[in-house]
Each structure stands twice: as structure tokens, then as C-alpha cells.
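Report on the following structure.
Below, chains carry the letters A, B, ... as their sequence lines are ordered, and counting in each starts from 1. None of these values were measured; they are calculated from a predicted model.
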Amino acid sequence: MSVENYSPGEIEPKWREYWISNSLHEATDDDPRPKYYCLDMFPYPSGSGLHVGHWRSYVLPDCWSRYKWLRGFKVLHPMGWDAFGSPAENDAIQKGIHPAVSTQRNVENFKRQLHEIGAMYDWSREINTTDPGYYKWTQWIFVKMFKAGLAYKTFMPVNWCPSCKTGIANEDVVNGRCERCGTEVTKKELNQWMLRITKYADRLLTGLEKLDWPEKVKTMQTNWIGRSEGAEVTFIAIAANGTEHPLNIFTTRPDTLFGATYMVMAPEHPLVKALTSAEQAQAVDAYVEQVKSERDVDRAARTEKTGVFTGAYAINPVNNEKIPIWIADYVLMAYGTGAIMAVPAHDERDYEFAKTFGLEIREVISSTPGVAEKAFIGEGTMINSGRFTGTPSAEGRKAIVKWLEEKGLGRATVNYKLRDWVFSRQRYWGEPIPIIHCSINCGLVPVPEEDLPVGLPDVERYQPTGTGESPLAAIHDWVNTRCPNCGGPAKRETDTMPQWAGSSWYFLRYASPRAEDTLITEKGREWLPVDMYVGGVEHAILHLLYARFFTMFLHDIGVVDFDEPFSRLFNQGMITYVGKSGKAEKMSKSKGNVVNPDPLVRDFGCDSLRMYELFVGPPELDAEWSDHGIEGVYRFLKRAWHWVLMHNGRWTASPSEKILRSRHVLIKNVTERLETFRMNTIVSSFMEFVNDIASTNEPPDQETIEAFLTALAPFAPHFSEELWQRTGHKPSIFLQKWPAWDEAYTKSKKVTVAVQINGKLRGTILVQAEAPEATVLETATKDPAITRYLDGKQIRKKIYVKNRILNLVVA
RNA sequence: GCGAAAGUGGCGGAACUGGCAGACGCGCUAGACUUAGGAUCUAGUGGCUCACGCCGUGGGGGUUCGAGUCCCCCCUUUCGCACCA
């Protein structure tokens with residue numbers, strides 16, 4: 001008999017329409033079921049469309065959300081737009097289109113494409129960072145931070161992108177280049193807004209422990225925060241002219257203090273001028289200039305050590321020894337105190353420097369290899385260390401710090417690599433920083449909370465000025481205002497926030513996206529925190545660190561009652577494809593290796609593409625796109641379609657043992673593999689099921705059909721919904737319960753046991769499941785394929801693993 | 001240089017605590033049905049011998065009755081970090 005063909009092009013739009021018009025995907029606060037919040041990383045609505053690589057990152061969380069839904073949770077799975085940012089602004093500069101217009105257009109296009117994926121987003125909660133109703137709260141958070149002393153403005157050299165014409169954060173610099181545009185970053189002295197993220201360094205570090213995140217991401221954050229324990233020690237620097245200056249250094253190895261044979265200051269260190277001798281002045285100046293003019297990339301690329309002697313000396317507090325002070329660019333002004341004591345015997349960098357300039361290397365920790373060849377950086381017993389000689393180094397560290405503290409010459413401290421966050425951008429398309437500069441004497445005054453948002457005004461020219469002022473500075477009507485404090489003349493802050501601002505707290509807003517008087521409502525709070533956060537590993541540091549910082553702050557001011565926003569994080573691998581370069585790379589327009597999903601959806605349907613996106617490989621790994629792979633999934637769906645409809649309405653009441661076993665094995669596999677995120681193997685499970693069952697002509701029972709369709713629904717939602725209806729059920733299949741399995745049915749009565757002789761496979765035998773060793777042995781020794789290896793031999797050892805293997809050791 | 005992940009047929013990839021390596025899919029081969037098929041179905045498909053058998057999970061050692069899986073050494077690829085004292 002013939003049944004109607006599977007035509008995804010007809011059924012898919014129909015069901016999407018149905019789900020939306022029935023508000024099936026909308027999360028409601030009053031739903032009594034337990035909540036589950038699954039979040040995709042915030043997309044920037046770019047002008048170019050979605051490719052199959054993007055698809056992958058949306059398919060997985062959608063399947064997961066639908067699964068959780070069938071598991072009885074009320075699921076919040078929202079979507080919105082991180083729509084501030086430079087691409088729209090660059091477009092505005094080049095084409096004169098208002099960023100708001102192009103953003104709106106891109107959002108619509110993006111939304112249409114996401115729609116094609118069939119994802120169950122709750123569009124009633126859509127948010128957009130450029131919406132004044134949204135950025136009102138971004139500004140509100142800033143004001144709260146300002147009031148808490150976490151936002152401050154200061155002159156400092158910052159990373160400056162000459163192409164974007166704006167200062168950027170340390171986190172935005174990748175290998176000396178601007179993370180956004182790839183231009184080499186330079187330094188520029190600017191008056192910048194900063195956020196005191198360093199105040200949260202310890203919490204950002206310890207908070208990682210309780211998170212269910214990939215270790216890789218935790219490690220990256222840990223390294224970025226870069227906590228190290230040590231001591232600050234005061235040396236007395238004696239300038240060439242005889243004046244004395246306290247010179248603080250940071251060290252993690254105070255136990256090596258007796259091995260300090262010279263000191264090094266960063267070339268930018270403020271004491272350099274005062275300490276330098278007349279004879280060395282010229283060399284020092286030249287070196288300082290050279291370092292200043294050198295690009296960071298070159299400085300980092302250079303491996304050999306450079307430096308100059310200042311002509312000054314310092315007194316080592318532990319032994320009153322006089323040691324020379326050098327300047328060298330291997331000491332960074334931005335870390336610690338910008339000066340170090342150099343212990344060449346026990347520090348690789350100092351060792352190299354000492355070798356280069358012929359400075360003394362004094363061993364103070366005993367070791368087997370010694371320090372003749374290279375620095376010894378391990379632990380050992382202190383030697384040549386006065387009264388500390390003989391102390392184990394770990395103990396000596398504490399003892400010396402204690403001694404320094406008693407003498408007032410030092411103290412135990414902790415240092416971090418993490419720096420405060422440069423939060424100013426001299427760009428147009430961002431949230432205005434809600435601060436007013438009073439021209440009389442109130443200084444920096446936050447915009448009163450009730451006056452928020454500070455709207456982003458229209459400008460005539462979007463072009464960054466390049467002078468360190470944003471285009472907003474040119475709008476005099478807007479800039480000139482009154483001081484909220486004294487009513488006197490005042491000017492608005494014209495810097496805007498970085499794109500990270502809006503995305504640092506957006507996940508909170510989804511919980512009550514339309515609330516006007518509060519960032520988050522009481523009811524909304526119940527949805528939080530995010531249970532599952534899915535996105536690429538490229539946000540391992542920046543976004544995730546900022547979002548955690550914002551959340552901790554909002555926790556501290558009572559806005560939320562948790563301090564970690566994302567309980568579980570899953571990093572998707574990306575899709576690679578062979579483009580012009582001849583090797584598989586991340587898809588991008590410029591590489592010319594983008595695969596457009598539209599023709600695939602047209603020819604095979606969204607469900608096939610969804611399943612193929614999962615089938616390409618383990619979700620956490622990168623996967624290479626294959627052009628023909630989707631056909632296998634498509635064939636599977638067609639076979640399944642025909643199998644269901646062929647038996648439709650003629651279900652048997654007494655399914656065969658084979659059908660029952662196949663069903664229970666399927667449900668077990670799919671469930672277990674979902675829970676462990678092995679999505680690629682789930683698709684295989686379904687294929688095996690259909691291969692096993694559809695090849696027989698045995699009619700299935702109704703329960704098997706229902707279980708099959710329900711389990712398939714998260715992956716091929718349109719397909720399942722359509723067949724659900726065709727098999728006489730009322731939509732929606734997503735109102736069903738996830739099917740259960742019975743372990744007893746998953747086991748077959750007979751099992752194949754492999755028989756090995758001396759560890760080599762010699763045959764297989766079919767025995768009753770759970771058969772005892774004696775029975776298996778008896779069966780095996782009757783099998784001619786096996787006995788021929790036993791003839792004339794003695795069985796010396798028998799190893800039997802139930803239902804699996806029998807290994808006979810013979811001689 | 002440091003750290004992490006990975007290396008399995010022609011290809012993408014399976015293999016839970018050590019227990020029949022290659023599930024599933026692509027591709028390929030043969031056949032069936034077809035006016036035709038790049039549709040569908042059936043069978044086959046790691047290598048060498050193609051009979052018995054032998055060899056096979058990046059390479060080399062080891063533990064074990066038994067190793068893709070555990071231990072040691074090395075190679076390759078990818079991704080992070082890169083003078084952080």
C-alpha cells in the first residue's frame with residue numbers, strides 16, 4: 001500500500017505557525033512546574049545571514065530545552081539582541097544609515113532565519129540592548145556602581161585601537177591586536193572610566209569552584225585572574241646623588257631574598273629619573289624612549305633580554321648588601337610594584353638577564369642540579385641565607401615574611417594579574433555613561449535614577465573624532481545640562497559603554513523583560529539563575545568574567561539572591577569547512593567557506609538539518625562539515641515516516657519481543673545519551689531502531705509508536721508533531737511526558753559470548769543470558785570452531801565475564 | 001617555552017567501569033525495480049592472503065588471561081597563555 005510522501009516543506013511551516021499562535025513556547029511565571037532556564041549566548045545581529053555553523057549552536061540548546069520541557073519543567077528559553085557595537089556604527093559611518101535602522105533590519109532578518117531552525121524561543125520576552133527601556137537598566141547598574149565606588153574616572157595609558165579610534169579593555173586585546181578589527185593596538189593616555197573589577201578578584205576566583213563548567217574555561221579564568229601570594233619588601237634605593245628612596249618590590253619567593261644580586265625597575269617606573277646617575281642618564285633616557293616607542297607585539301616577540309644600569313644602588317634589607325639597580329622591559333609597570341629584586345639563581349628570567357650582563361648569580365636554595373646551567377626554581381633547603389640557612393624553602397618563606405613584618409620592612413600580600421576594567425569607549429553606538437560633570441564644584445555627579453535612561457541622541461556625524469572624545473561631544477544641546485546636585489551649569493559625560501555592558505546582565509532581564517520600575521520583578525527572580533548556558537568557548541574570559549562580576553555586584557546590592565549567574569556551561573565546538581585555504585577552518589565570509597542552510601532546508605527540511613547538525617560529531621568538539629551527510633538523516637526520516645504511516649491505525653495489542661526490546665533500548669539510549677550530551681550518538685540510536693524494526697513486517701503497538709515519536713520530538717519537532725497528529729493524537733506532542741523504559745525489557749534472552757583461546761578470539765557462542773560459567777564452558781567445548789584449538793591441550797585458566805567473554809588459557 | 005584537548009577504515013565518527021574494534025552515516029561495489037534515475041529496496045564493504053590464517057586504534061616500551069581504554073617515553077595537530085616576578 002502507498003502512503004503520502006514525507007514533504008517537510010509542507011508540514012514544517014504549518015507547525016511553526018501552530019506553536020506560535022498557541023503560545024506554546026511562552027514561559028509563564030505562574031506555571032506550577034519546576035523551572036528550567038536554558039540560555040543561548042546573546043547574538044549580535046549581524047548583517048550577513050546565519051550559516052550552518054551558527055545553526056549548530058542554536059540546535060543543541062533547542063533540543064535540550066524541548067527535552068527538559070517533556071521532562072516536566074517549565075522552560076525559559078529566550079532570545080534577544082546584543083545590538084550595540086561597531087559593525088552597525090561602521091555601517092553608519094560608511095553609508096550614513098542610522099545604526100538604529102540597520103540594527104532593526106538585521107534583527108528582522110536574523111529572527112526570520114532563527115525561525116527556520118524551528119527553535120522554541122519565547123519571543124514574548126525578546127530584548128534588545130539598544131532599546132532605551134533596556135539600557136535604562138544598564139545605566140542604572142553603572143550609577144549603582146559609581147555610588148558604590150566601583151566606577152571611577154582616571155588618566156591612564158590605555159590600549160588604543162587606531163582603527164576603531166577608541167580605547168579598549170585589556171581583555172579586548174588579543175596578541176597585541178584589537179579583538180574586533182585586528183588592528184595593532186597602541187597606547188594612549190586618556191581620561192577613562194574604569195570599573196573596579198579587581199575588588200572582586202578573589203570572589204571571581206573562588207566562585208569558580210562550585211560551577212559546573214568545563215575545566216578549560218575555569219582554568220582560563222583562573223589564569224586570567226592570576227592570583228599569586230607573596231610579599232612586598234621595601235628596599236632602600238640610594239640615588240647617585242646620595243638621596244634615599246624606599247623602593248617596594250613584590251616577590252613570590254621571599255625565601256630567596258638572600259640571593260638578590262641586583263634590582264630591576266620597569267622603564268616607566270616613577271623613580272627612574274630620580275635614581276639615575278649623570279653618567280648613565282643618556283643611556284637610561286635612550287632606553288626608556290626606545291621601550292616607549294616599541295610596539296607591544298614586538299616587545300613580546302623579542303626573547304633576548306635588554307636593560308640598562310641606572311648608576312644607583314639599593315640596600316637589601318635582609319643582609320644590608322648594596323646591589324645595583326637596573327631598568328629593563330622584562331619588568332612590567334602594570335604588575336606588582338613595577339620593580340623586582342632579581343634572584344638569578346632561582347628565577348629563569350633573572351638568570352638569563354644576569355648571564356647577558358655578567359651579573360652575579362648567587363645560589364641560596366640547594367639543589368642537585370645546582371645553578372651552573374640554569375636557574376633552579378624548585379623548593380629546597382636555604383643556603384647562604386644568614387640565620388635562615390638550613391631552613392626548608394617553604395618554611396623559610398613564612399619565616400622571612402614574619403621577620404620583615406616585625407622590622408616594618410615588608411608584609412605578606414597577594415597580587416593579581418587582573419586589572420580594572422577600562423569601561424569608556426569614544427564611540428557613538430553605545431549606552432551613554434550616565435554621569436554629569438558639574439562646572440561649579442560638585443565634580444562627577446551621577447544622573448538621578450529617576451531621570452534614567454539618558455537617551456542616545458541623534459548625531460550628524462558618527463565618525464569617531466580620534467581625539468579621545470566621542471561623537472557625542474559635538475552635540476552641544478545634549479552635552480550642556482544642569483548639575484542635578486546644585487543646578488549649576490554642567491556637561492554630560494560623552495563616553496559610551498563598551499559592548500560588553502549590555503551583555504553582562506541580559507540574562508537577568510529575560511526573567512521580567514517588560515518591568516518598568518525594577519530591573520527584575522519578585523516573580524521573575526524565580527527563574528534565575530541560568531541552569532544551562534550554551535555557547536562557544538570564545539567567550540571563556542571576557543563575557544563570562546564580566547557577567548559574573550555584574551552578577552556579584554547586583555547580589556551585593558540586593559537585586560538578586562545568587563552570585564553566580566550560570567550554574568552550568570556547555571561549550572559547543574564550531575563547524576569547520578574547507579575553503580580557499582585548502583584546510584578546514586571556522587566558517588566565515590572572508591574565508592569563503594560559508595555553507596548556506598537555506599538550500600538544505602528547502603531540499604531536506606529543517607528537521608533533517610537539525611538532526612544532521614547533531615550527527616556531525618560530539619557537540620563539544622569542532623566538526624568538519626560534509627556536504628552529503630545530511631542525506632543519510634533525510635533517508636532515515638523518510639523511512640521512519642513510511643514505517644509509522646504504513647502501520648497507522650493497525651497497531652497490534654501484543655507486540656513482539658523484538659519490538660518491545662527495541663523500544664526500551666531506544667528510550668534508554670536516547671535518555672542516557674541526552675543526559676550526557678552525546679547528541680551525535682542519539683541520532684544513531686534512532687537509526688538503529690528504525691533499521692531493526694522497519695525491516696520486519698511486524699506491526700508495532702501503539703505505545704511503541706508514541707514513545708518513538710515523543711523521544712524524537714526534541715530533535716525533529718515538526719516531523720514528530722505531524723505524525724503525532726496523523727496517528728490520531730491531539731497536538732501538541734510537546735504536552736506529552738517523556739517516555740520511560742524498563743530495564744528488564746532491554747535485555748535479550750540469548751546473548752552472544754565471545755570465546756577466546758589464549759586471548760585470541762576463536763569463536764562466538766549463543767547462550768542464555770546470565771548463563772553460569774559451567775554452562776558456557778560446556779557449550780564452548782562442544783563448538784568445533786573452538787575445540788580444534790583445545791585438542792591435546794590443557795586448560796590452565798578460565799576467565800569468564802558474564803554475558804560477554806570466555807577466555808581459556810591453554811598450554 | 002608552559003598548559004589543555006585530540007590522533008581509530010576512503011571520509012565523519014561509535015565503543016558505559018579494561019572484555020567480539022569499526023555502531024550509525026557518507027562514499028564505494030554488486031544486484032532488484034524502473035523509459036530513466038543523482039529516487040527506492042537488497043546484499044557487501046579495515047588491510048594482506050582472499051582457504052586456514054595473519055596484521056590492524058599516531059610510534060615505541062610496559063602492566064594484564066585480555067589494552068583504543070591503564071602506566072612510562074616519543075611524534076603530530078589544534079586551541080589557550082606567553083617575560084605576571
Students often get this wrong, so: under 4.0 angstrom with heavy atoms, is [X] touching a base, only sugar-phosphate, or nothing?
X        : value
A:Val331 : base
A:Tyr6   : nothing
A:Val616 : sugar-phosphate

Measuring to OP1 and OP2 of B:C79, would you say a side-chain N or O of A:Lys216 lies under 4.0 angstrom away?
no
Are A:Tyr335 and B:A82 close enough that a side-chain N or O sits under 4.0 Å from OP1 or OP2?
no
What's the [atom1]-[atom2] distance between [X] and [N], to the nearest Å?
X        : N     : atom1 : atom2 : value
A:Met679 : B:G12 : CE    : C1'   : 19 Å
A:Met265 : B:C83 : CE    : P     : 21 Å
A:Leu418 : B:C81 : CG    : P     : 15 Å
A:Arg678 : B:A15 : CZ    : C1'   : 10 Å
A:Asn223 : B:C83 : CG    : P     : 13 Å
A:Leu808 : B:G66 : CG    : P     : 14 Å
A:Trp641 : B:C41 : CH2   : C1'   : 20 Å
A:Glu743 : B:C16 : CD    : P     : 17 Å

Which nucleotide in [options] has an atom nearest any side-chain atom of [X]:
X        : options             : value
A:Lys305 : B:C83, B:C81, B:C20 : B:C83
A:Lys760 : B:C55, B:C83, B:A14 : B:C55
A:Met220 : B:A85, B:U40, B:G80 : B:G80
A:Thr252 : B:A85, B:C65, B:C20 : B:A85
A:Leu621 : B:C83, B:G13, B:A5  : B:A5
A:Asp329 : B:C83, B:C20, B:A14 : B:C83

Taking the [atom1] atom in each of [N] and [M], what is the distance between them to the nearest angstrom?
N     : M     : atom1 : value
B:U76 : B:G66 : P     : 32 Å
B:A67 : B:A21 : P     : 10 Å
B:G68 : B:G80 : P     : 33 Å
B:C75 : B:C11 : P     : 25 Å
B:U69 : B:C16 : P     : 12 Å
B:U42 : B:G58 : C1'   : 38 Å
B:C72 : B:G25 : P     : 38 Å
B:G27 : B:C33 : P     : 23 Å

Nucleotide forming a Watson-Crick or wobble pair with [N], both distances under 3.5 Å:
N     : value
B:G19 : B:C65
B:C48 : B:G53
B:A14 : none
B:C2  : B:G80
B:C33 : none
B:G7  : B:C75

Is B:G9 syn or is it anti, if syn means the base angle is within 90 degrees of 0?
syn
Summary of protein contacts for nucleotides 21-32 of chain B, nucleotide by nucleotide, where a base hit scores B, a sugar-phosphate-only hit scores S (4.0 Å, heavy atoms)
--BBSSS-----
For residues [X] and [Y], establish whether the separation of their ring centroids is below 6.0 Å.
X        : Y        : result
A:Tyr262 : A:Phe353 : yes
A:Tyr416 : A:Trp224 : no
A:Tyr200 : A:Trp421 : no
A:Phe719 : A:Tyr6   : yes
A:Tyr612 : A:Trp625 : yes

Minimum heavy-atom separation for A:Met341 and A:Thr251, please, with both atom names.
CE-OG1, 3.6 Å
On RNA chain B, nearest-nucleotide positions of A:Ala754 versus A:Met333: which is more 5'?
A:Ala754
By nearest nucleotide on RNA chain B, pick out whichever of A:Gly336 and A:Thr219 is the more 5' one.
A:Thr219
Can you tell me how the ring of A:Phe686 sits relative to the ring of A:Phe636, calling it parallel under 30°, perpendicular over 60° and tilted otherwise?
tilted
Is the shortest heavy-atom distance from the side chain of A:Gln572 to the side chain of A:Phe570 under 4.5 Å?
yes
Check A:Arg397 with A:Glu229, please: is the shortest side-chain N to carboxylate O separation under 4.0 Å?
no
Note: A:Glu352-A:Lys305 ion pair, threshold 4.0 Å (strictly below):
yes
Presence of donor-acceptor pair under 3.5 Å, side chain of A:Lys798 and base of B:C65
no
